[in-house]
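In what follows, a single structure is set out as structure tokens and then discussed.
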Amino acid sequence: MLQLFLVPLGCPQPLVCPCRATGFTTRSDIGPARDANDPVDDRHAPPGKRTVGDQMKKNQTADDDDEDLNDTNYDEFNGYAGSLFSSGPYEKDDEEADAIYAALDKRMDERRKERREQREKEEIEKYRMERPKIQQQFSDLKRKLAEVTEEEWLSIPEVGDARNKRQRNPRYEKLTPVPDSFFAKHLQSGENHTSVDPRQTQFGGLNTPYPGGLNTPYPGGMTPGLMTPGTGELDMRKIGQARNTLMDMRLSQVSDSVSGQTVVDPKGYLTDLNSMIPTHGGDINDIKKARLLLKSVRETNPHHPPAWIASARLEEVTGKLQVARNLIMKGTEMCPKVRAAFNTISVNEDVWLEAARLQPGDTAKAVVAQAHVPNSVRLWKAAVELEEPEDARIMLSRAVECCPTSVELWLALARLETYENARKVLNKARENIPTDRHIWITAAKLEEANGNTQMVEKIIDRAITSLRANGVEINREQWIQDAEECDKAGSVATCQAIMRAVIGIGIEEEDRKHTWMEDADSCVAHNALECARAIYAYALQVFPSKKSVWLRAAYFEKNHGTRESLEALLQRAVAHCPKAEVLWLMGAKSKWLAGDVPAARSILALAFQANPNSEEIWLAAVKLESENNEYERARRLLAKARSSAPTARVFMKSVKLEWVLGNIAAAQELCEEALKHYEDFPKLWMMKGQIEEQKELVEKAREAYNQGLKKCPHSIPLWLLLSRLEEKVGQLTRARAILEKSRLKNPKNPDLWLESVRLEYRAGLKNIANTLMAKALQECPNSGILWSEAIFLEARPQRKTKSVDALKKCEHDPHVLLAVAKLFWSERKITKAREWFHRTVKIDSDLGDAWAFFYKFELQHGTEEQQEEVRKRCENAEPRHGELWCDVSKDIENWQKKIGEILVLVAAKLKNTF
């Protein structure tokens, strides 16, 4: 439409000519606006396009998919924000280009990764230093609490209760019991309202013209059915009457029927009332539902025994024992017998057994007698269990006639008979059941119990032959289990005869030795020691010249037998294996420990004849003489050994003998002579240096160690001795340099790393020690001694986390287990600490340090019996290794100390500094 511009007079004309004026559109030109839910003009449009809103969404989605190439979306450096080619096809060369770019991005990220992680680590450490945890802030104060005396502790004022009076003295809701008359009165009269409902004033009252009205007390409450006359009072009266009736019945039951006086025991009465409470623990409604369900099952199928059994047990659980008895007896009448292929079998066997179980003693006997099921083994067993031994024997005699194939009944009868009758019973049992091994084993046990041990072997051999003749496969594992049961029952001859008979069945010839040793270990684990002894005896008969079998048998006798049995075995062993030095030495040691030194000497003399110039036997003879203070004889033996069988160990023992006896000059002379022949034997260099250290000649000691390291650069103890010597004289830098040099020559050695860490820690440089420990764990990630030391380098709050990491890396390392035990000990978790100490000494019984810490722990927290047990176990284990243990045991002053004495000395040196 045309728009006219009116210009006042005297004003210049506008630049735009009126004929070119722009028009505008109004609502009247295009019609009213349309809502998003209005239908479109096309009434046959498909779903999703039938409203204006659907089409608007579709257009908006299409607009979003179009590329935004507007100038506002363009940047001079980055270009367009979106992809210019998103609508184009994605081809294979595009995929290859994307993969190349991704690889480049990953490579660039890896180059910056180390610096980024280092920066993040430094930021985290800085943050933790600036904002430490409250636990870390008070850790030093917690440690200082150990210095607080009892008087200072008691003088600390009590903390007052900061709560207000209402919180300190809360008023609990008081509940007062209301008499029944109160409820009856208010149910009859109704409740009176003392206030007006605000809705009544708001809406002008609720007095509507409906019948009955809504303004009466309890609206609608007086209608028939809800409040009948006397209903409330009648219910309360019934409750009171029921209570009085129950009490009268209970009192009449316990009253004296003669005098009429009550004889109620108050305590017993209350206990009896408690016993009347059902103990099923279920809901009453559930019991009712179960009772109805079982009743339905019984009525539907009255000849189904499980229904009657379940019903009786339900009543038994709810405390209605007589109802349960009545139900089960009715079940015995309702469940019929059915006839099988050859003999009659009663379906209601379970019902009769349940009935006998629910009845008292004499009644149960009658119930079983009524069953009339002669071929039921279970019923016979139930009947026998209810009888006395003599009556049971008579009943079993009848039972085996009715059930001749029941092994249990035959064996039970044999146990109740005399020796002669038992033999007859077992013979009859073998005739009726020729395929069962238990009858033969019982016969063997019977003969052994009556002293006829020579018959045991024959019976077991005949059993194997007879069972095979009857087509029975001899199961080796089952027979070994039977032998173990005989062993536990005390039938030693029977178990040994079984082992001899079946041990070789089904075993390949090349697998015999390995399999038998495993069987012996299994028997020991099951505590069947006689079975294991029989296995070893049989194996030694088959392999009389096998040194390993003799050793296993000797160790078995040492751990589980007597000294006499061990010595008898060793005599046979050296006769068959005269070249086995360890067997001779075990025999001599057994005699020596028993105090029979001449017998030990004679054994060693025989060993010399069988093994001339044997180093082990020479040194054993020297040890025997020196331990018994026969030093001159020991010197003569060593002189003979050096002339006839010169070895580095012989020279070392010679030097040590003179050293411990105080003959330093002779020891040095022998050491120099030995080094001329065995300069690559590091222990000689160590002894030379230690002798010089003892004489406080530091320069000579340093020279000895340096010379030794030139000859033996891979001897770790030599490096450690030289480093400690420098540290001892205050040369910390030189000691550090020595350890660095040793690590270069012996890489990945945890002992050298550990000494380096401890050197810095002893010097007070804890930061350097922690850094070295981190490097050590990188180089030796599976070293238990390093992880155990790392646990206690941490602050107390972080030790548990470190111990978890250590256990992940070294789960079965004794040093880590010992560190965890010490950690629990420091936290006063006594039970857990003791458990971990047990695990440690079980995994490695040769670690003396573990025994020392265990003994120290028991001295502080255990009983005398526990302390003695640890000491005896340590003496039996005879530990030889451990840093603290070797420091004491190899000290010259303790050269004659026994294991128990060394244990006490090492434990005394330990301090709870962890």
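In what follows, residues are counted from 1 in the order of the sequence shown.
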- Task: Using a 4.5 Å cut-off on heavy atoms from C-beta on, say whether the side chain of K700 contacts that of K695.
- Result: no
- Item | E727 and R762 ion-paired at < 4.0 Å | yes
- Is the centre of the F608 ring less than 6.0 Å from the centre of the W618 ring? yes
- Query: Would you call E632 and R635 a salt bridge, using N to O less than 4.0 angstrom?
  - Reply: yes
- Side-chain donor-acceptor pair under 3.5 Å between D680 and Y678, yes or no? no
- Query: Are the side chain of W550 and the backbone of P544 linked by a donor-acceptor contact shorter than 3.5 Å?
  - Reply: yes
- Interatomic distance, L818 atom CG to I843 atom CD1 [nearest 0.5 angstrom]: 11.5 Å
- Would you please test E518 and H514 for side chain to side chain donor-acceptor pair (under 3.5 Å) and show each step? CA-CA 6 Å; E518 285 186 349; H514 176 70; 2.9 Å; yes
- Does a side-chain heavy-atom distance below 4.5 Å link L585 with I603? no
- Is the number of heavy atoms from other residues, nucleotides or ligands under 6.0 Å of Q896 CD greater than 12? yes
- Is a salt bridge present between E827 and R796, judged by a nitrogen-to-oxygen distance below 4.0 Å? no
- Message: Whether the side chain of S590 engages the backbone of G587 through a donor-acceptor N/O pair (distance < 3.5 Å, no angle test) should be reported.
- Response: no
- Looking at L739, I738, L732, which hits side chain to side chain contact (heavy atoms under 4.5 Å, CB included) with R736? L732
- Query: Is there a donor-acceptor contact under 3.5 Å from the side chain of N894 to the main chain of K897?
  - Reply: no
- Task: Decide whether E692 and Y705 meet the rule of one side-chain donor and one side-chain acceptor closer than 3.5 Å.
- Result: no
- Can you tell me if CD on E893 sees more than 12 non-hydrogen neighbours from other groups inside 6.0 Å? no
- Query: Counting only heavy atoms not in H560, do more than 12 sit closer than 6.0 Å to its NE2 atom?
  - Reply: yes
- Parallel under 30°, tilted from 30 to 60°, perpendicular over 60°: which one fits the rings of Y538 and W516? perpendicular
- Message: Which heavy atom of L670 sits nearest to which heavy atom of F651, and what is that distance?
- Response: O-CD2, 4.4 Å
- Would a distance-only check, ignoring hydrogens and angles, find a side-chain to backbone donor-acceptor pair under 3.5 Å from W685 to N706? no
- Message: Taking D521 first and then R552, would you say they form a salt bridge - that is, a charged N and a carboxylate O separated by under 4.0 Å?
- Response: yes
- Separation between NE2 of H838 and CG of L817, rounded to the nearest 0.5 Å: 13.5 Å
- Query: Donor-acceptor pair, D813 side chain versus H815 backbone, under 3.5 Å?
  - Reply: yes
- Task: List the atom of C780, the atom of W753, and the distance in Å for their closest heavy-atom pair.
- Result: SG-CD1, 4.2 Å
- Atom pair CD (E835) and OG1 (T840), whose distance is rounded to the nearest 0.5 Å: 10.5 Å
- Item | Heavy-atom closest contact (I664 atom, Q694 atom, distance) | CD1-NE2, 4.4 Å
- Item | Short side-chain donor-acceptor distance under 3.5 Å, W719 and E755 | no
- Message: Please determine whether a side-chain nitrogen of the Lys or Arg among E616 and R649 lies less than 4.0 Å from a carboxylate oxygen of the Asp or Glu.
- Response: yes
- Side-chain (K745) to main-chain (H714) donor-acceptor, under 3.5 angstrom: no
- Message: Are the side chains of V870 and V841 in contact, using a 4.5 Å heavy-atom criterion?
- Response: no
- Evaluate the side-chain proximity of K547 to V582: yes if any heavy-atom separation is below 4.5 Å, no if none is. yes
- Task: Could you grab the distance from atom CD of E901 to atom OG of S889, nearest 0.5 Å is fine?
- Result: 13.0 Å
- Task: Working to the nearest 0.5 Å, report the span between CD of E658 and CG of N663.
- Result: 5.0 Å
- For S715 against L709, the heavy-atom pair lying closest together: O-CD2, 4.2 Å
- Give a yes or no answer on whether the side chain of S643 reaches the backbone of K640 with a donor-acceptor pair at less than 3.5 Å. yes
- Task: Give a yes or no on whether a salt bridge exists between R873 and E858, defined as a side-chain N under 4.0 angstrom from a carboxylate O.
- Result: no
- Message: With a 3.5 Å distance limit and no angle check, can you tell me whether N746 reaches the backbone of P713 through a side-chain donor-acceptor pair?
- Response: yes
- For the pair K898 and E875, find out whether any cationic side-chain nitrogen is under 4.0 Å from an anionic carboxylate oxygen. no
- Sole residue of K890, R758, K909 in salt bridge (Lys or Arg N to Asp or Glu O under 4.0 Å) with E883: R758
- Message: Tell me whether R563 is salt-bridged to E567, with the criterion being a basic N under 4.0 Å from an acidic carboxylate O.
- Response: yes
- Task: For E740, look at atom CD and say whether over 12 heavy atoms of other residues, nucleotides or ligands are found less than 6.0 Å away.
- Result: yes
- Query: So Y536 and F556, would you call those rings parallel, tilted or perpendicular, with 30° and 60° as cut-offs?
  - Reply: tilted
- Is there a side-chain contact between W592 and N628, using heavy atoms and a 4.5 Å cut-off? yes
- Would you sort out whether K856 and V906 count as a side chain to side chain contact (heavy atoms under 4.5 Å, CB included), showing the intermediate values? CA-CA 9 Å; K856 178 82 171 182; V906 178; over 6 Å; no
- Message: Within 45 degrees of the ring normal and closer than 6.0 Å to the centroid, is that where the cationic atom of K513 sits relative to F543?
- Response: no
- Could you please spell out the steps behind the salt bridge (charged side-chain N to carboxylate O under 4.0 Å, His left out) verdict for R572 and E557? CA-CA 13 Å; R572 293 168 48 212; E557 293 295 343; over 6 Å; no
- Query: Should the pair F857 and F854 be assigned to parallel (<30°), tilted (30 to 60°) or perpendicular (>60°) ring geometry?
  - Reply: tilted
- Query: Checking S626 side chain against K623 main chain: does a donor-acceptor pair fall under 3.5 Å?
  - Reply: yes
- Least distance between heavy atoms, I785 atom then D751 atom: CD1-OD1, 3.2 Å
- Task: Step through the shown structure and confirm whether more than 12 heavy atoms of other residues, nucleotides or ligands are within 6.0 Å of CD on E510.
- Result: yes
- Evaluate the ring planes of F824 and W836, with Trp represented by its six-membered ring, and classify them as parallel (under 30°), tilted (30 to 60°) or perpendicular (over 60°). tilted
- Contact check, side chains of L847 and W885, non-hydrogen atoms, under 4.5 Å: no
- Salt-bridge test for E726 and R702: reply yes if a basic N is under 4.0 Å from a carboxylate O, no otherwise. yes
- Message: Any non-hydrogen side-chain atom of L583 less than 4.5 Å from a side-chain atom of C577?
- Response: yes
- Task: Over 60° means perpendicular and under 30° means parallel, so classify the ring planes of H861 and W825, tilted if in between.
- Result: perpendicular
- Message: Working to the nearest 0.5 angstrom, can you tell me the gap between Y855 OH and R871 CZ?
- Response: 6.5 Å
- Any donor-acceptor pair under 3.5 Å from N611 side chain to P578 backbone: yes
- Query: Would you say E696 has more than 12 foreign heavy atoms packed within less than 6.0 Å of its CD?
  - Reply: no
- Message: I'd like to check M686 versus K683 (side-chain heavy atoms, cut-off strictly below 4.5 Å). Are they in contact?
- Response: yes
- Note on the structure: Heavy atoms of D805 and W787 approach each other most closely as CB-CZ3, 4.0 Å
